[in-house]
Amino acid sequence: MKSLALTDTWDLCLTPSGSLATVEGSARAAQDVATACRTFKGECWFNQNLGIPYFEQILGSAPPDIIIRQKLEDEALAQPEVVEARAVLIEFKNRKLTGRIRIKTVHGESADVIL
């Protein structure tokens, strides 16, 4: 499986010849997990169930970190090639949450998704 490659600023990436770049393997799985975990529930027009309920359950309140970790792990596991996901929240400072999700794919590859 392949996905369109994204830059560090979440823009489409081009090959040297000017074509749309693609990504596959554990890099694709990590990119898809990162994209899914950044999606707010209801944001996708054609499937309102995708994403994390940031507005409904997370933003504006202070839920226990286990709830946030579970939502992130559930969203990661919803990706087709991800078989394991473990979220680690590192720091909540100046209203910014940082952490990572360690994933394992069906091919046995591992990758870290930085939040």
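Starting from 1, each residue takes its place in the sequence as its number.
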For a quick test of reading the model, state the closest non-hydrogen atom pair linking [X] to [Y] and the distance between them.
| X | Y | value |
| --- | --- | --- |
| Ala87 | Leu72 | CB-CB, 4.3 Å |
| Glu109 | Ser26 | OE1-N, 3.2 Å |
| Ser110 | Arg102 | CB-NH1, 3.7 Å |
| Thr105 | Val83 | O-CG2, 3.6 Å |
| Val33 | Ala76 | CG1-CB, 3.7 Å |

Got [X] and [Y] here, is their nearest side-chain heavy-atom distance under 4.5 Å?
| X | Y | result |
| --- | --- | --- |
| Thr35 | Leu6 | yes |
| Lys41 | Ile52 | no |
| Cys37 | Val113 | no |

*Indicate if Ile90 and Ile58 have the same hydrophobic cluster label, given that clusters are the connected sets of ILVMFWY residues with side-chain heavy-atom separations under 4.5 angstrom.*
no
Drop me the distance from [X]'s [atom1] to [Y]'s [atom2], to the nearest 0.5 angstrom.
| X | Y | atom1 | atom2 | result |
| --- | --- | --- | --- | --- |
| Glu75 | Leu50 | CD | CG | 6.5 Å |
| Lys104 | Arg86 | NZ | CZ | 14.0 Å |
| Leu115 | Leu89 | CG | CG | 7.5 Å |
| Glu91 | Leu97 | CD | CG | 9.5 Å |

_Surrounding CG of Leu12 (heavy atoms of other residues, nucleotides or ligands, distance under 6.0 Å), is the total greater than 12?_
yes
_Holding to side chain to side chain contact (heavy atoms under 4.5 Å, CB included), I want the full list of residues that pass it with Arg38, two or more places apart in sequence or in another chain._
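If we apply the side chain to side chain contact (heavy atoms under 4.5 Å, CB included) test to Arg38, skipping adjacent residues, the hits are Trp10.
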*asked:* For Phe40, give me all partners under ring-ring contact (aromatic ring centres under 6.0 Å, His included), at least two apart in sequence or on another chain.
replied: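 For Phe40, the residues satisfying ring-ring contact (aromatic ring centres under 6.0 Å, His included) (neighbours in sequence not counted) are Tyr54, Phe55.
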_Please check: side-chain N/O of Gln31 versus main-chain N/O of Leu4, any donor-acceptor pairing under 3.5 Å?_
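Yes, Gln31 side chain to Leu4 backbone: donor-acceptor pair under 3.5 Å.
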In chain order, what residues pass the side chain to side chain donor-acceptor pair (under 3.5 Å) check against [X], with sequence neighbours excluded?
| X | answer |
| --- | --- |
| Gln57 | Lys71 |
| Arg69 | Asp65 |
| Gln70 | Asp74 |

*Pairs touching residues 20-36 that satisfy salt bridge (charged side-chain N to carboxylate O under 4.0 Å, His left out), sequence neighbours left out*: Arg28-Asp32, Arg28-Glu81
